[in-house]
Amino acid sequence: MEEELRVRLNDHQVSKVFPVKPKSTAKPVSESETPESRYWSSFKNHSTPNLVSSVAALAFSPVHPHSLAVAHSATVSLFSSQSLSSSRRFSFRDVVSSVCFRSDGALFAACDLSGVVQVFDIKERMALRTLRSHSAPARFVKYPVQDKLHLVSGGDDGVVKYWDVAGATVISDLLGHKDYVRCGDCSPVNDSMLVTGSYDHTVKVWDARVHTSNWIAEINHGLPVEDVVYLPSGGMIATAGGNSVKVWDLIGGGKMVCSMESHNKTVTSLRVARMESAESRLVSVALDGYMKVFDYGRAKVTYSMRFPAPLMSLGLSPDGSTRVIGGSNGMVFAGKKKVRDVVGGQKKSLNLWSLISDVDESRRRALRPTYFRYFQRGQSEKPSKDDYLVKEKKGLKLTRHDKLLKKFRHKEALVSVLEEKKPANVVAVMEELVARRKLMKCVSNMEEGELGMLLGFLQRYCTVQRYSGLLMGLTKKVLETRAEDIKGKNEFKGLLRNLKREVNQEIRIQQSLLEIQGVIAPLMRIAGRS
Amino acid sequence: MIRGGRSYVTSPPSFSNDAKRLLVCTGNTVSVFSAATGLQITSLEGHTALVTTLIVVPASTPAQKILCYCWTASLDGTIRHWDFSGPELLKTIDAQLPIYSMVIPSLLSEPQQIDKRRELSGKLVAFVSVEDISVVNEGSKELRGHIRRFNLAKPRVPRGDTLKETAEPESIVISPSGEFFGIRHKCKIHIWDVPSGGSRHAVSRKMTLHHTKVINAFAFHPTERVIAAGDVTGRVLIWRGFGNRKLALGNQKKKVRATVDLDNPGVRGEDDTESCTTWHWHSAEVNVLNFSSDGAYLYSGGREGVLVVWQLDTGKKKFLPRIGSPLLYFVWSPDPTLSSVVCADNQIHLLKMPSMEILRTISGIKPPPSLPRMYEGLASTVAFDRSSGIAALCTENYCVQLYNLLNDRGISEIQVCERNHQPGDEITVVVTAVALSLDGSVMSTTEVKLPEDGIGGLVSLKFWASEPDSKTFTLSTIVYEPHRDARVSAIAFHPTRSMAVSTSFGGDFKIWVCNSDKKQTDKDSSWICHAVGSYKKKPMTAAAFSGDGTVLAVAAENVITLWNPDKNILLSVLGTTLTPVTKLCFAGKSEFLVSASHFPRPELSVWNTSKLSLSWSYGLRIEAVTSAVDSSAFAVLAVIPKSFKTDESNENIFRGRDGAILLFNGSDPKPVSIWTVIKAKGGSISFLEGDKSQLRLAYVSGSREYVVFDPNSDESHERSAVDYDSLTGLEETGDAGYTSLYGQLPDYDKKRMEDVDSLATPFISSERPWETIFSGSTLNFPPLQKLCAEFFESLMEKRTAVVE
């Protein structure tokens with residue numbers, strides 16, 4: 001039957017079959033899909049173990065395979081970035097506040113709230129160096145981008161220290177901040193340039209080669225600075241403080257270029273992301289649970305995403321394939337992209353290695369008529385570019401209720417769509433029945449079980465705004481026409497009670513809405529007049 | 001001047017001998033269509049009234065297949081012989097009586113016989129059904145329909161001998177072999193045999209078959225003595241072996257008579273048949289009956305719009321369902337793989353046989369939808385694209401048909417509601433209005449789903465965007481319940497921007513804008529509500545944008561309000577009319593606004609929007625208003641009042657015409673010109689502005705025939721005058737005849753002038769002046785003393801002298 005129908009539909013017909021379709025819902029006025037949002041939403045969610053306590057810092061190794069260091073509680077866990085599974089744990093004496101990889105990815109440094117900065121080999125358990133000098137909790141530690149011998153750290157004592165790692169000694173104390181130093185970054189173009197941000201609202205630029213311990217430049221953010229990053233050019237920095245993110249031009253004398261204030265709570269972390277098109281974006285996370293992507297070239301927020309927890313830290317892998325966000329409740333929201341060229345590279349290397357086995361394989365895969373796959377060969381072949389495509393006309397797919405409606409079995413159609421539990425479809429079928437003047441007949445023909453199903457549906461959806469125009473009237477009619485069947489039946493008692501409660505609730509809502517309207521209307525009138 | 005929109009379905013079409021052409025009777029002419037493309041090739045013009053019969057002379061040998069001769073008969077009382085390849089008129093025979101049907105049996109007989117006959121006697125006998133107009137008095141019991149025999153070979157046709165007289169002229173059906181012909185008459189079928197041998201004196205013998213129901217259609221079997229008849233209840237009756245006794249051939253007579261036995265199953269009374277079987281599948285009347293050429297199958301169809309094929313021996317059925325309109329005729333072509341079925345919605349479908357696929361459709365203008373009573377007069381089912389001359393017409397099957405008025409051709413159909421139309425079903429969904437923007441790029445439709453028992457009604461408003469090249473529209477936006485559950489009363493488009501206004505009886509109007517103004521992508525353009533306005537919660541009944549688009553006029557029942565459409569600010573209120581306004585239109589770019597209302601008191605008023613006063617008004621019932629874009633000219637389609645028409649002196653001016661198109665210029669209350677038209681009720685008019693900046697006026701009548709003419713030139717005067725002379729009687733198919741320029745209707749004018757005099761002031765003198773005395777702008781009120789006197793006078797109920 002179905003096949004016959006399809007064949008006939010392909011022919012030229014004066015009139016066609018119109019399947020019952022639910023009413024289309026409103027489209028958002030703005031465009032939902034931009035290349036930007038497509039890029040950012042293409043990170044597929046990846047489940048990671050819950051780390052219980054707040055994730056204070058995240059860092060990716062700069063070399064492949066970009067393993068991930070996660071600082072949480074008094075532990076730093078190393079994750080492999082491919083599978084996002086924990087591979088190694090390093091424990092500290094106090095809560096870890098910051099973690100940073102060296103440029104070759106072999107070592108990482110971490111600091112904790114006891115003021116100690118420690119340097120670990122990623123393959124060994126014990127710390128290689130323990131740098132003690134901070135008199136208060138240390139808050140950030142950073143390797144210069146290329147330099148493998150020095151470290152920068154800052155803490156609640158307001159001092160920024162420039163360390164010689166091998167000797168575990170402080171080369172210079174950079175004094176100048178009047179409050180806790182919370183963040184800092186090293187210039188991507190010059191290994192001795194660094195910026196630090198502090199709770200005294202200022203960001204200071206230092207040169208480690210100058211031993212006068214005086215800052216080169218100072219920028220006032222206006223709020224306690226939570227994070228600071230260099231933009232890739234090295235001449236600009238971005239600062240996060242309060243709920244604003246500001247971009248500054250250092251070379252131009254510390255002028256503000258633009259600011260973004262679309263977060264509702266304190267911005268906790270900032271990172272620079274490099275997109276596929278080699279453009280870079282500023283990604284920020286905040287305590288309001290939003291991650292925002294900020295195009296600082298156009299001063300526009302291009303993407304925004306919500307997470308179910310306050311966000312503390314952010315990590316973006318250097319190859320752009322992984323995005324990790326740490327929440328205050330210990331959740332790590334990891335997103336991974338499929339990276340195609342990596343797969344291609346692997347294949348190529350595989351081919352190089354197994355040239356002979358490849359030939360072998362091709363012989364093995366030669367299909368013979370004895371194989372079942374012989375008869376399916378070429379079916380999934382993709383068309384090449386210069387192939388002319390002959391499109392087969394798509395047959396119309398009819399659902400069960402459409403088929404029943406086509407055969408004028410109205411009541412069965414209504415029952416079958418009620419079983420499907422898709423309210424939009426049910427209402428569409430009801431509208432079709434109204435157009436055929438058959439809805440009341442269907443209702444009066446329904447058996448008890450079916451009536452119960454209908455009442456259950458009406459009870460659930462009759463107060464939904466989109467359907468209430470039809471369903472309220474229908475509910476009333478059903479109760480009127482089937483009163484003697486419904487009355488005194490135990491199975492309908494609960495349904496009727498619920499229905500009554502729903503309707504009462506709706507009436508209350510309407511009343512309170514009217515009250516609000518009464519309050520607003522004079523205000524609107526006055527506003528319109530002025 | 002262009003006429004068109006004629007019905008293709010007044011009489012059955014006919015294929016040419018090579019099956020490549022299809023001849024269709026279209027009003028006074030016969031149009032020849034190509035079966036391969038569905039386009040018109042040529043037309044045979046000459047008849048002066050409706051062509052009723054068309055007979056293509058069949059080819060008897062393959063060599064004759066290229067011959068293109070046909071006979072036509074018409075209500076003008078002539079029979080004509082044509083060569084339609086030319087086309088060329090070969091011969092005209094004047095029968096002097098309106099011919100309703102004609103058959104020529106000798107064309108169908110064996111070829112040798114024809115030749116012999118032609119050579120021997122040189123005569124061609126035709127049987128015609130004529131109306132005897134000598135006894136045409138209304139209500140008389142005279143039998144007006146006559147079946148007569150004519151000899152077409154003779155140059156001058158005598159009166160012919162009458163075979164049968166009926167109350168009304170009936171159509172004659174002939175058997176494919178040319179041996180028998182017959183007519184249906186109420187519950188009976190009368191059958192004659194064609195006298196063979198060609199002797200002049202041979203008299204046709206007659207027999208009758210009886211049935212209990214009124215017979216609608218019947219057909220003869222091509223080879224056997226079998227008749228199929230369909231009645232009004234949907235039964236198909238098959239009589240086998242009819243006329244074995246009465247119409248038997250001479251030499252067989254005795255033998256047959258010997259074999260007659262008395263038990264003839266299913267045969268009624270003394271009918272001369274062997275058996276009668278009944279098939280009942282159709283639920284409504286059967287209109288179409290036709291045997292296949294080998295006689296194995298019977299094709300039947302009726303009001304349901306389903307073509308049924310019956311296997312004659314077994315009674316098994318096959319269907320071509322869902323044609324969507326009542327079937328009227330089914331015609332075979334000489335090519336056995338091609339046939340055609342004609343539907344009541346002015347469509348001719350060419351079918352591929354025997355699979356019964358529809359190959360292509362020759363599409364005429366579709367008839368207007370039948371609306372429920374509450375929508376009559378409120379729906380606007382015709383819209384015009386002024387630049388390209390395309391009309392968008394609502395049709396019965398929930399579509400909008402795009403029809404090119406300039407070359408009389410259907411372009412495409414747009415399914416507005418996703419529903420199939422089944423003829424005869426109760427109407428539950430109505431497309432109430434269609435509107436086109438001035439440049440024709442946007443269409444808007446409204447539809448109403450009528451509620452069942454008060455539940456589930458739905459009003460929706462749809463905006464359609466035109467495809468760039470192909471003249472069709474795609475759905476851009478659906479708005480469900482645009483004004484809650486209130487119905488939409490009117491839609492109007494902004495003349496230059498993509499902005500539209502819809503008004504509702506629920507007391508508000510909404511201004512819609514298209515958000516694709518900024519972005520250039522048409523694909524995802526959508527319409528959103530820009531502003532909502534209302535005036536004292538009164539039902540809004542009509543809307544119009546001014547020529548430059550800066551002012552929006554909305555009629556709130558009988559108050560006309562002027563708005564700024566961008567800022568949604570009420571600019572001013574423009575006086576009141578007596579009755580709710582149904583139509584509004586700005587007269588071009590001028591400041592004059594035309595309003596029309598027709599219930600309960602018809603009125604046409606012209607307002608000056610700069611002075612906010614009434615300029616003049618007439619008590620005319622207006623069907624449609626249109627205005628030119630550039631000039632201040634506007635035209636109205638008025639229905640002529642009954643009292644005026646029945647006036648003795650006007651009788652011969654109007655001749656059954658019920659409407660008039662009046663062309664005005666600006667504020668001048670004297671019409672520039674007047675044309676009278678027929679079927680004005682439900683009609684529509686519009687100016688068309690072509691490429692040549694030539695202003696033309698298009699009029700589509702209530703039955704969807706149309707005429708496009710130049711309102712200013714003399715050329716149309718001459719040509720239409722010819723048409724006017726040729727139009728005779730009630731059966732005229734021309735819809736609009738130019739009667740005269742303004743000066744030629746003295747009676748009419750005097751009457752109008754009086755109206756003008758009495759209504760030139762903003763005060764409308766009526767029997768109850770206190771209702772209207774304060775209407776209009778206060779600036780135009782007379783001095784207080786006068787006003788007071790008038791007001792008190794009116795309160796006294798002093799009888800005012802009524803002019804009429």
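In what follows, chains carry the letters A, B, and so on, assigned in the order in which the sequence lines appear, proteins first and then strands, with residues in each chain numbered from 1.
Residue with the most contacts toward chain A among B/Arg419, B/Lys449, B/Glu481: B/Arg419 (heavy-atom pairs, distance under 4.5 Å). When each of A/Glu432, A/Met430, A/Glu431 is scored by its heavy-atom pairs under 4.5 Å with chain B, the top score falls to A/Glu432.
Ring geometry for A/Tyr461 against A/Phe457 counts as tilted: the plane angle lies between 30° and 60°, on a 0 to 90° scale. Aromatic ring orientation, B/Tyr299 versus B/Phe330: parallel (interplanar angle below 30°, classes split at 30° and 60°). The aromatic rings of B/Trp527 and B/Phe463 sit parallel, their planes meeting at an angle under 30°, below the 60° perpendicular limit.
Side-chain atoms of B/Asn287 never come within 3.5 Å of backbone atoms of B/Leu328 as a donor-acceptor pair (strictly under, hydrogens ignored).
In the displayed structure, A/Lys23 atom NZ is contacted under 6.0 Å by more than 12 heavy atoms of other residues, nucleotides or ligands.
Salt-bridge annotation for A/Lys411 and A/Glu450: present, with a side-chain N of the basic residue lying under 4.0 Å from a carboxylate O of the acidic one.
Within residues 467-478 of chain A, the residues approaching chain B closer than 4.5 Å by heavy atoms are, in numerical order, A/Leu470, A/Gly473, A/Leu474, A/Lys477.
Heavy atoms closer than 4.5 Å to chain A are found in both the backbone and the side chain of B/Leu450. Contacts of B/Glu426 with chain A are made by side-chain atoms alone, with heavy-atom separations under 4.5 Å and no backbone atom involved.
In this structure, the ring pair (Phe, Tyr, Trp, His ring centres under 6.0 Å) partners of B/Trp281, at least two apart in sequence or on a different chain, are B/Phe319.
A distance of 9.0 Å separates OG1 in B/Thr361 from CG in B/Leu351, rounded to the nearest 0.5 Å.
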